2 protein chains.
Amino acid sequence: MYKQAQLEAFRKGIAQFVTFNDAEWKIFTPYVSFSILSKKEHFAVEGKVCDYMCFITSGAVRYYHIKDGQEITGYFSFENELMSAYKSFLKRTPNTNYIQALEETALVMISYQNLQQMLNHPILALKMERFGRLIAEYYICCYEDRVTAFITQSPEERYITLEKTGKNIFQRIPQHFIANFLGITPVSLSRIRKRTLLQ
Amino acid sequence: MYKQAQLEAFRKGIAQFVTFNDAEWKIFTPYVSFSILSKKEHFAVEGKVCDYMCFITSGAVRYYHIKDGQEITGYFSFENELMSAYKSFLKRTPNTNYIQALEETALVMISYQNLQQMLNHPILALKMERFGRLIAEYYICCYEDRVTAFITQSPEERYITLEKTGKNIFQRIPQHFIANFLGITPVSLSRIRKRTLLQ
DNA sequence: CAAAAACCTTATCTTTTGTTAACGTTTTCA
DNA sequence: TGAAAACGTTAACAAAAGATAAGGTTTTTG
């Protein structure tokens with residue numbers, strides 16, 4: 001995909017948060033860069049500070065932790081979604097997890113430094129603060145739902161919910177990653193699937 | 001506590017996010033109001049849009065859902081912390097849970113309307129956007145940790161972590177609420193406590 | 001102050017999940 | 001293309017959690 005098309009996808013993708021007029025967009029775009037992750041390539045690793053906030057124009061990534069030598073997948077992001085090791089990026093602290101491309105993945109990226117410059121730019125500042133606020137608020141709502149699911153639902157109920165609302169995630173993501181995401185083991189997910197099919 | 005003292009506590013409490021100089025504070029304070037919740041009084045209930053964002057100057061509250069007629073406590077907030085039915089407040093949608101005072105609780109409050117006015121106020125706007133962004137980012141980091149705990153830890157591990165880091169929460173909050181918060185039943189928490197004591 | 005409510009523990013039984021391993025299929029990649 | 005790795009299912013057993021109920025203590029409240 002050409003950069004121009006990626007930029008347009010980016011602009012459209014963030015329109016739910018904030019819209020830039022052409023003059024603002026002209027100031028904005030020089031601050032962004034582009035990158036492509038090949039399959040299995042890492043965007044972020046444990047111990048390193050994450051320097052970029054990204055928008056995925058195509059592809060998919062998974063977020064995972066390593067605990068007792070085992071990988072545990074906690075989240076996924078797909079095309080037209082934002083991606084970052086948020087906490088590390090915002091707090092400038094070493095990252096505690098990994099982000100890895102599940103497919104070849106194309107990114108539009110903003111570095112932390114450039115973001116700071118935009119936040120200090122006389123014309124962009126207010127809009128960028130708002131952008132940051134709305135993104136963060138958006139994620140809070142997602143997280144709130146996720147925590148609520150862990151608190152109020154059984155693994156089986158969480159699976160059913162995901163199956164209903166998770167688009168075609170089961171077609172796209174290996175099942176054992178999804179099991180981790182649901183907070184259970186792959187074996188347990190396999191059983192749940194069998195159980196719920198029979199009913 | 002006198003309102004002046006509450007305001008000072010509020011100012012100090014939000015200083016981790018943003019600091020107001022005296023001139024700004026003078027503009028700021030007329031937008032806030034005060035309230036006291038008596039024990040067991042609800043600040044927010046299911047189905048109603050939450051109109052206030054609060055700072056707790058003294059007391060404590062719990063957040064809970066009702067599922068199949070049962071109350072399930074998902075979170076707590078204490079003095080010097082912010083409190084709101086965030087999602088409802090931000091999105092102007094009916095709230096899906098309850099917030100109830102565990103003790104008599106004193107609040108400094110900002111209404112949604114007043115917040116919007118501050119966000120449009122020429123002097124306050126930028127700082128308020130930043131305030132909102134930093135609060136949201138702060139909560140994202142908290143939520144991220146919470147979800148990570150559900151993904152990577154067993155109930156027993158989550159209990160041990162809470163016992164280590166949860167200050168004196170076990171002295172202050174009924175244990176069956178804490179069980180919900182950990183994602184398990186009260187009976188199960190009682191067993192875990194016995195188990196971990198014996199070791 | 002006394003009755004009622006709330007709370008924690010314990011016991012019993014059931015259900016679910018975790019663990020480990022084996023097996024067959026599919027995918028990957030050198 | 002062919003060996004290796006990855007993946008999903010199933011089985012068997014162990015461990016943990018859920019459900020329900022009973023009992024005793026503490027707290028609440030009229």
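Fair warning: this is a prediction, and the values are worked out from it, not measured in the lab. The figures that follow rest on heavy atoms only: side chains count, while hydrogens, waters and symmetry mates do not. Here is how names work: the chains are called A, B, and so on, in the same order as the sequence lines, proteins then strands, and each is numbered from 1.
- Summarising the geometry, the separation between CZ on A/Arg172 and P on D/dC7 is reported as 16 Å, rounded to the nearest angstrom.
- With rounding to whole Å, A/Gln153 atom CD is found 14 Å from D/dG18 atom P.
- For A/Lys48, the NZ atom is loosely surrounded, since the number of other residues' heavy atoms within 6.0 Å does not exceed 12.
- Of the candidates D/dT9, D/dC7, C/dG18, the closest approach to any side-chain atom of A/Pro174 belongs to D/dC7.
- Ring geometry, B/Phe55 versus B/Phe10: the interplanar angle falls from 30° to 60°, so the pair is classed tilted.
- The side chain of B/Lys39 contributes an N or O atom lying less than 4.0 Å from OP1 or OP2 of D/dT28.
- Taking a 6.0 Å sphere around CD of B/Gln113, one finds it holds 12 or fewer heavy atoms contributed by other residues, nucleotides or ligands.
- Toward the 5′ end of DNA chain D lies the nearest nucleotide of A/Ser190, the other residue of the pair A/Ser190 and B/Thr185 mapping further downstream.
- One can place CG of B/Asp68 at 14 Å from C1' of D/dG18, the figure rounded to the nearest angstrom.
- Look at CD1 on B/Ile184: it is 15 Å from C1' on C/dT17, rounded to the nearest Å.
- Put simply, B/Arg195 has no side-chain N or O that comes within less than 4.0 Å of OP1 or OP2 on C/dT10.
- Checking C/dT17, C/dT10, C/dT20 against the side-chain heavy atoms of A/Val187 singles out C/dT20 as nearest.
- Here the side chain of A/Glu79 pairs no donor or acceptor atom with the backbone of A/Ile56 at under 3.5 angstrom.
- Computed from coordinates, the B/Glu104 CD to D/dT28 P distance equals 14 Å when rounded to whole Å.
- In this entry the distance linking CD of B/Glu103 with P of C/dA6 reads 18 Å, nearest Å.
- Side-chain N/O atoms of B/His176 include one lying less than 4.0 angstrom from OP1 or OP2 on C/dC8.
- Relative orientation of the A/Phe76 and A/Phe181 rings is tilted, given thresholds of 30° and 60° on the angle between their planes.
- Nucleic acid contact for A/Pro155: sugar-phosphate only, since backbone atoms but no base atoms lie under 4.0 Å from a heavy atom of the residue.
- A close approach under 4.0 Å does occur between a side-chain nitrogen or oxygen of B/Gln175 and OP1 or OP2 of C/dT9.
- Rounding to whole angstrom units, CG of residue B/Leu189 and C1' of D/dA19 are separated by 16 Å.
- Residue-to-nucleotide contacts include no donor-acceptor pair under 3.5 Å from the side chain of A/Arg191 to the base of D/dG8.
- Going from atom NZ of B/Lys40 over to atom C1' of D/dT29 covers 9 Å, rounded to whole Å.
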